[in-house]
Amino acid sequence: MKILIVGAGPVGCYTAQLLKNMGYHPVLIEEHLTLGQPIHCSGIVSSDLLTLVESYLSDDAVISRINGFSINTPWEEEFSIKKDGVAVLLDRERFDSCLGRGLEINLGERVSTIIEKKD
């Protein structure tokens with residue numbers, strides 16, 4: 001059975017990989033011409049998220065592991081969290097490309113309407 005997924009970002013590609021592993025045929029539609037471009041977020045994610053997707057990634061998708069961080073705001077004093085391996089810094093283009101490997105992705109296409117048909 002074919003399943004249409006609109007958007008080939010990390011969530012769309014990961015969902016498609018799970019569906020593919022279950023025997024379905026996911027087809028992704030992505031408006032951009034290149035997977036992973038433009039980069040929309042920093043690529044800092046929790047180690048828990050990395051655990052979910054690690055089997056799809058190449059070693060060069062992870063730039064570094066983060067063992068703590070500080071948060072600065074204009075209304076509170078700075079506070080820090082120190083925890084080994086709390087997060088990772090990803091190469092977002094590589095990350096997205098790895099998640100999309102082996103999937104049917106139609107690049108440069110945009111969905112404007114979905115019409116349900118009985119057949």
Cluster overlap Val53 with Ile44, hydrophobic side-chain contacts below 4.5 Å: no

If we only count heavy atoms from C-beta on, is the Cys13 to Asp96 side-chain gap below 4.5 Å? no

Nearest heavy-atom neighbours spanning Leu103 and Pro26: CD2-CG, 4.4 Å

In terms of heavy-atom contacts, Val88 and Ser47 come closest through CG1-OG, 4.3 Å

One should read off an interatomic distance between Glu109 CD and His32 NE2, to the nearest 0.5 angstrom, of 14.0 Å

Are the side chains of Arg65 and Leu50 in touch, meaning some heavy atoms are under 4.5 Å apart? yes

Do you reckon Ile63 sits in the same ILVMFWY cluster as Val45, going by side-chain contacts under 4.5 Å, direct or chained? no

Considering the options Val111, Asn106, Leu107, which one meets the side-chain contact (heavy atoms from CB on, under 4.5 Å) requirement together with Glu30? Leu107

Polar side-chain atom of Asp91 near backbone of Ala61 as donor-acceptor pair, under 3.5 Å: no

How long is the gap from OG1 on Thr15 to CD1 on Ile3, to the nearest 0.5 Å? 10.0 Å

Val62 versus Leu89: any side-chain heavy-atom pair under 4.5 Å? no

How close do Gln17 and Cys98 get, heavy atom to heavy atom, and via which atoms? NE2-O, 4.5 Å

Give, for atom CZ of Arg92 and atom OG of Ser97, the distance between the pair rounded to the nearest 0.5 Å. 10.5 Å

Count I, L, V, M, F, W, Y as connected when their side-chain heavy atoms are under 4.5 Å apart, and connections chain through other members. Are Val6 and Ile105 then in the same cluster? no

May I ask whether Val11 and Leu49 are part of the same hydrophobic cluster, defined by side-chain heavy atoms of I, L, V, M, F, W, Y residues being less than 4.5 angstrom apart, directly or through others? no

Please name all residues satisfying side-chain hydrogen bond (donor to acceptor under 3.5 Å, both in side chains) with Ser58, sequence neighbours left out, ordered by chain then number. Asp60

Taking side-chain hydrogen bond (donor to acceptor under 3.5 Å, both in side chains) as the definition, give me every residue that meets it alongside Ser80, ordered by chain and number, with sequence neighbours left out. Ser70

Side-chain contact, heavy-atom cut-off 4.5 Å: Asn67 with Val86? no

Trace of the side chain to side chain contact (heavy atoms under 4.5 Å, CB included) decision for Leu28 with Leu4: CA-CA 6 Å; Leu28 293 106; Leu4 177 67; over 6 Å; no

Quick one: are Val27 and His25 in side-chain contact, heavy atoms under 4.5 Å? yes

Do Glu93 and Gln37 come close enough that some side-chain heavy atom pair is under 4.5 Å? yes

Closer than 3.5 angstrom, by distance alone: can the side chain of Lys20 be matched with the main-chain N or O of Gly102 as a donor-acceptor pair? yes

Hydrophobic clusters here meaning ILVMFWY residues chained together by side-chain heavy-atom distances under 4.5 Å, can you tell me if Leu35 and Leu90 are in one? no

Where Leu99 and Tyr56 come nearest, the two heavy atoms and their spacing: CD2-CB, 3.9 Å

CD of Glu77: more than 12 outside heavy atoms within 6.0 angstrom? no

